[in-house]
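Whatever order the structure lists ligands and atoms in, that order sets their numbers, starting from 1. These figures come from a predicted structure and were not determined experimentally.
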Amino acid sequence: RAAMAARRGALIALEGVDRAGKSTQGRRLVEALREAGHPADLLRFPDRTTEIGQLISSYLGREKNLEDHTIHLLFSANRWEHVPMMKEKLQQGITVVVDRYAFSGVAFTSAKGNFGLDWCKQPDVGLPKPDLILFLQLNPEAAAERGNFGQERYETSSFQEKVLQCFYCLMEDKSLNWKTVDASKSIEDLHREIKSIAKETMQEVQNKPLGELWK
Ligand code: Z5A
Ligand code: MG
């Protein structure tokens, strides 16, 4: 009997504006999948623990100034440095949940103005393509109820509004599987919705090859 092809894990990205609940939902999703017997791992971008990540972290914390192209490329490099490990996990059947991904990369840089969308996308072309991108939609008023902005770079309402418009541009790309969810719901209700969409996606893609982003 021919061996059954190994089933791969799904790559699921969480995106959305500041305080939408990406990190909360990422943790909950991975916990729930594991409890249900599906191997799953969480990755967070930026990953501030690597050398590149430490540079990014000091930029975000305003301890360090970096030229705009430079920081864009560092965010991208911070994703690329995880690609071999991500591919290995996916091939082993582990579902990988990423808390922010290339879409944040493009949206935040292009919100600065003077950057073409194509230039912003280029460094991330060829990254593992998410099988699902969950966009956690939250209006600024609801986000404000979750506390004030932090002290990091980019954490102002005028900049976040520009970022949101850039996300909308990226969502027009129908070759990607965007799903918008209402992030104003309770943590628990949103979790249930996200878990159900994630499980559906995992089923759908388990025998399909992993794609390459924007290629
Ligand atoms: N950035 C970039 O420029 N280029 C790139 O390539 C990448 C990122 C990858 C740091 O990101 C910055 O880097 C970010 C984008 C830029 N700049 N900004 N803004 P980060 O991911 O490290 O940022 P963060 O500190 O994790 O914040 P966040 O992502 O904006 O928050 P979140 O993960 O979406 O939300 P949360 O931490 O889960 O929840 C926020 C609060 O709301 C917390 O108190 C929760 O308990 C509460 N919460 C969560 N869900 C709910 C619901 N459903 N109801 C009520 N309250 C809730
Ligand atoms: Mg977060």
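- Between the side chains of K162 and Y154, no donor N or O sits under 3.5 Å from an acceptor N or O.
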For a side-chain contact (heavy atoms from CB on, under 4.5 Å) check, start with the C-alpha distance between R44 and R100, then their side-chain angles and the critical distance, and finish with the verdict. CA-CA 7 Å; R44 174 173 186 183; R100 295 192 187 271; over 6 Å; no
Worked verdict on Q151 versus E155 for side chain to side chain donor-acceptor pair (under 3.5 Å): CA-CA 7 Å; Q151 297 305 306; E155 296 185 325; over 6 Å; no
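- Residue R19 approaches ligand 1 through these ligand atoms, each under 4.0 Å from one of its heavy atoms: 28 (P), 30 (O), 31 (O), 34 (O), 35 (O), 40 (C).
- Taking only nitrogen or oxygen atoms, main chain and side chain alike, R100 reaches within less than 3.5 Å of ligand 1.
- Contacts of L60 with ligand 1, taken as heavy-atom pairs under 4.0 Å, involve the side chain alone.
- Put simply, part of A20 is less than 4.0 Å from ligand 1, judged by heavy atoms.
- Counting the atoms of ligand 1 from 1 in the order shown, those under 4.0 Å from a heavy atom of R79 are 5 (C), 6 (O), 9 (C).
- Atoms of ligand 1 found under 4.0 Å from any heavy atom of F45, numbered from 1 in the order shown, are 9 (C).
- Ligand 1 has I187 within reach: a non-hydrogen atom of the residue lies less than 4.0 Å from it.
- Under a hydrophobic-cluster definition in which Ile, Leu, Val, Met, Phe, Trp and Tyr are linked whenever side-chain heavy atoms come within less than 4.5 Å, directly or via other members, L11 and F103 are assigned to the same cluster.
- At a heavy-atom cutoff of 4.0 Å, ligand 1 is contacted by the side chain of R44 but not by its backbone.
- Using a 4.5 Å heavy-atom threshold, the side chains of I71 and F75 count as touching.
- Under the 4.0 Å criterion applied to side-chain N and carboxylate O atoms, K129 and D124 are not assigned as salt-bridge partners.
- Residue contact check: P46 has heavy atoms under 4.0 Å from atoms 8 (C), 9 (C), 11 (O) of ligand 1.
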Applying side-chain contact (heavy atoms from CB on, under 4.5 Å) to R48 and L60, what does each step give before you reach the verdict? CA-CA 10 Å; R48 303 186 192 219; L60 289 171; 3.5 Å; yes
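- Within the structure, the closest approach of H72 to ligand 1 does not fall below 4.0 Å when heavy atoms are considered.
- Among K22, R27, R153, the residue whose heavy atom lies closest to atom 29 (O) of ligand 1 is K22.
- Heavy-atom proximity to K185, at under 4.0 Å, picks out these atoms of ligand 1: 52 (C), 53 (N), 54 (N).
- Annotation: the span from L14 atom CG to S23 atom OG amounts to 8.5 Å, rounded to 0.5 Å.
- Linking ILVMFWY residues whenever their side-chain heavy atoms come closer than 4.5 Å, directly or via other members, places L190 and L42 in the same cluster.
- The R48 neighbourhood of ligand 1 comprises atoms 10 (C), 22 (O), with distances under 4.0 Å to a heavy atom of that residue.
- Near S186, meaning under 4.0 Å from any of its heavy atoms, are these atoms of ligand 1: 53 (N).
- Comparing heavy-atom distances from atom 36 (P) of ligand 1 across L14, T156, T109, T24 singles out T24 as nearest.
- Remark: among candidates F75, F108, F103, the nearest residue to atom 8 (C) of ligand 1 is F75, based on non-hydrogen atoms.
- Ring centers of F115 and H69: under 6.0 Å apart, within the cut-off.
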